[in-house]
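Report on the structure given below.
Residue indices begin at 1 and follow the sequence shown. Side chains are part of it too, since the values below use all heavy atoms of this structure and drop only hydrogens, waters and symmetry mates.
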Amino acid sequence: MRTRDIGDDPRTRRARTGAASVFPVPAQRLAVVDLGNELHTRPHVGAMSERLNWSVLHLHEAEELGWALTVNRPAAVLVIIPADLPPDPTTVARVRRATRAPIAVLADVTGPQSVALISAGADTVLPTSTREEEMGARVLALVRRAAEGSDAGARYLLSGPLRVDLWQREATLDTEPVRLTNTEFKLLVCLMEAGGQVVPASRLTSRVWGWAGGDDGLNTLRIGVGRLRRKLGDTVHEPRFVLSVRGSGYRFGGQVTEVGAREEERRTSETGSDLLLAERLARRCEELASAPDARSAASLVARSLVQEGTVDAIGLHLLDGDRLQLVAHHGFSAAWQEAAQELRLADSGFAAVRTLTAEEPVQLRRFSTKAGYARTAALAHVELPGTYLFVPLRSGSSVVGAMGLHRHSSEPFGPLSITYLKAVAALCGVCLSARRRTTST
């Protein structure tokens with residue numbers, strides 16, 4: 001397939017004036033699907049890309065369109081439909097299957113034709129006379145809305161036998177593909193990303209269909225939910241994934257794990273990943289055994305987890321009466337250390353306290369006071385944003401502390417990493433409790 005990055009092509013570029021870009025956003029890539037091969041006749045598209053400070057990937061062969069979009073992962077896609085070609089929704093549908101990026105269509109079409117293009121997967125249809133400023137603003141608006149819909153750090157959503165690939169826009173159930181329409185896929189993702197919370201019907205109709213609500217929107221939502229349930233094997237009386245909440249909306253019924261591309265590659269790779277983690281776990285055992293006291297042991301483990309690249313920062317707290325006492329940390333700032341020195345068990349605003357009482361890991365990627373972790377959110381603002389994981393430290397049947405872990409990126413901790421860190425936490429719990437008892441006697 002012939003593709004070109006034409007961000008600096010003089011045929012699609014205005015002369016630079018030295019002024020700042022109208023849209024001060026990070027440089028990204030705009031994919032232009034131009035089956036009529038007439039991009040050079042539309043200088044306003046190139047002018048728009050320059051205003052955005054984006055390069056342009058020019059695609060003009062339909063056969064390998066899906067492959068090119070999958071590999072290049074553009075921030076947005078602009079489909080140009082020439083005046084001498086019919087507005088075929090097939091091309092838009094092919095683009096939608098290949099990318100999660102928002103799609104704008106540039107064409108002079110009638111109302112019914114515009115509806116057909118949007119139904120096929122386009123997010124907006126713009127007339128060819130649209131000025132570059134407006135075109136750029138609309139493309140940016142689409143990109144912002146897409147970014148709000150899902151955290152870019154996660155590629156997969158996993159819930160039992162259900163696996164959703166956000167990049168490829170594919171879903172599998174018991175390893176079998178689930179043939180979802182674009183609308184059904186968006187509806188499923190919206191529910192899964194809510195973290196078990198009820199999603200009001202009005203928000204679903206707005207996010208999935210772009211409607212403000214009303215009876216027509218509710219009827220469309222009910223029909224969409226019914227179709228999604230059938231494809232997931234759910235029934236109205238015994239739903240497993242899509243649950244109705246009378247008078248409120250819907251929520252996802254399963255526990256959802258968000259997994260980054262790197263985590264999933266580790267999980268599905270050969271046994272080398274398991275062997276590597278086993279070797280790391282063995283080294284943690286040796287470190288704990290060789291340390292002279294509890295604080296030294298905790299410091300060795302904290303430093304090793306950061307140095308091996310599993311996390312970017314870690315804090316270890318041990319239970320001490322009615323509070324959690326910080327015994328070791330690595331990678332966090334002095335301000336964080338001071339703020340996290342003591343965590344009172346009566347303060348449920350700390351996720352570390354929550355993982356202590358729940359005796360299960362707690363992962364946080366979207367901080368909100370509504371989630372009940374206001375104190376942890378305040379501590380997180382001291383550091384860089386990213387992903388936080390809290391794992392209980394166990395000693396036998398008792399929970400004796402908490403291990404807080406941080407990644408600077410928004411990529412979530414996947415099942416393999418969480419299992420490894422739970423094992424490390426268990427080792428730490430047994431060792432630190434034994435060392436502390438020995439010291440006290």
Side-chain angles (χ1 to χ4, degrees), residues 30-36 59 62 65-66 69-70 74-128 130 135 138-139 141-146 148-150 164-171 177-192 199 201-232 242 250:
L30 173 72
V32 177
V33 178
D34 176 28
L35 300 185
L59 310 175
L65 182 61
L69 290 173
T70 300
V77 180
L78 180 66
V79 179
I80 299 177
I81 299 180
D84 58 345
L85 291 180
D88 184 9
T90 304
T91 298
V92 174
R94 186 184 295 118
V95 172
R96 175 52 69 205
R97 286 193 297 269
T99 179
R100 198 182 183 209
I103 302 170
V105 175
L106 192 64
D108 293 318
V109 294
T110 63
Q113 291 171 332
S114 179
V115 170
L117 292 170
I118 292 175
S119 299
D123 294 286
T124 188
V125 179
L126 305 174
T128 58
T130 304
M135 191 186 307
R138 290 184 179 277
V139 168
L142 293 175
V143 172
R144 282 197 302 269
R145 288 186 63 188
E148 291 169 359
S150 175
V164 175
D165 186 335
L166 298 174
W167 291 3
Q168 299 290 342
R169 301 184 68 83
E170 296 173 348
V178 182
R179 306 298 182 187
L180 300 177
T181 65
N182 179 55
T183 298
E184 292 162 353
F185 183 88
K186 289 167 67 177
L187 178 58
L188 175 60
V189 170
C190 189
L191 291 170
M192 294 183 74
V199 185
S202 59
R203 187 184 306 168
L204 287 171
T205 55
S206 174
R207 284 275 302 277
V208 178
W209 286 274
W211 294 358
D215 293 339
D216 290 343
L218 292 177
N219 289 334
T220 300
L221 175 59
R222 294 189 188 101
I223 294 171
V225 167
R227 290 173 176 170
L228 178 60
R229 279 175 168 165
R230 285 193 293 273
K231 292 186 178 182
L232 295 177
V242 182
Y250 298 88

Are any non-hydrogen side-chain atoms of [X] and [Y] less than 4.5 angstrom apart?
X: V208; Y: T183; answer: yes
X: V32; Y: L30; answer: yes
X: V189; Y: M192; answer: no
X: L232; Y: L188; answer: yes

Requested in this report: For residues L204 and C190, report the shortest heavy-atom separation together with the two atoms involved.
Outcome: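 Smallest interatomic distance, heavy atoms only, reads CD2-SG, 3.6 Å.
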
Atom pairs and distances, side-chain donor-acceptor, residues 101-108, under 3.5 Å, sequence neighbours left out:
residue, atom, partner, partner atom, Å
D108, OD1, T128, N, 3.1
D108, OD1, T128, OG1, 3.2
D108, OD2, T128, OG1, 2.6

Report task. Assess whether side-chain contact (heavy atoms from CB on, under 4.5 Å) is satisfied between I81 and V79, documenting all intermediate values. Result -> CA-CA 6 Å; I81 299 180; V79 179; 4.3 Å; yes

Requested in this report: Before accepting this row, confirm whether a basic side-chain N of the pair E184/K231 lies closer than 4.0 Å to the acidic partner's carboxylate O.
Outcome: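 The answer is yes: the pair qualifies as a salt bridge.
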
**Report entry** N-O pairing of D123 and R96 below 4.0 Å
**Finding:**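 Looking at R96 together with D123, the answer is yes, because their closest N to O distance falls below 4.0 Å.
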
Query raised in the report: Could you go step by step and tell me if M135 and L126 meet the side-chain contact (heavy atoms from CB on, under 4.5 Å) rule?
Result: CA-CA 8 Å; M135 191 186 307; L126 305 174; 4.0 Å; yes

Query raised in the report: Do Y250 and V199 pass the side-chain contact (heavy atoms from CB on, under 4.5 Å) test, and can you show the C-alpha distance, the side-chain angles, and the key distance before you say yes or no?
Result: CA-CA 5 Å; Y250 298 88; V199 185; 5.8 Å; no

Query - Side-chain donor or acceptor of S119 paired with backbone N/O of V115 under 3.5 Å - result: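 Flag set: sc S119 to bb V115 pair under 3.5 Å.
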
Report task. Could you walk me through whether V225 and R222 pass side-chain contact (heavy atoms from CB on, under 4.5 Å), step by step? Result -> CA-CA 5 Å; V225 167; R222 294 189 188 101; 5.8 Å; no

**Report entry** Contacts of R229 that satisfy side-chain hydrogen bond (donor to acceptor under 3.5 Å, both in side chains) - sequence neighbours left out
**Finding:**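 R229 satisfies side-chain hydrogen bond (donor to acceptor under 3.5 Å, both in side chains) with S244 once adjacent residues are dropped.
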
Query raised in the report: Nearest 0.5 Å, what's the CZ-CG distance between R227 and L187?
Result: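 Spacing of CZ (R227) from CG (L187) equals 11.5 Å.
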
**Report entry** Interatomic spacing from CG in L78 to CG in L59 - rounded to 0.5 Å
**Finding:**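 That separation rounds to 11.0 Å.
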
Report task. Please indicate whether R94 has more than 12 foreign heavy atoms, meaning atoms of other residues, nucleotides or ligands, lying under 6.0 Å from its CZ. Result ->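 Check passes, neighbour count above 12.
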
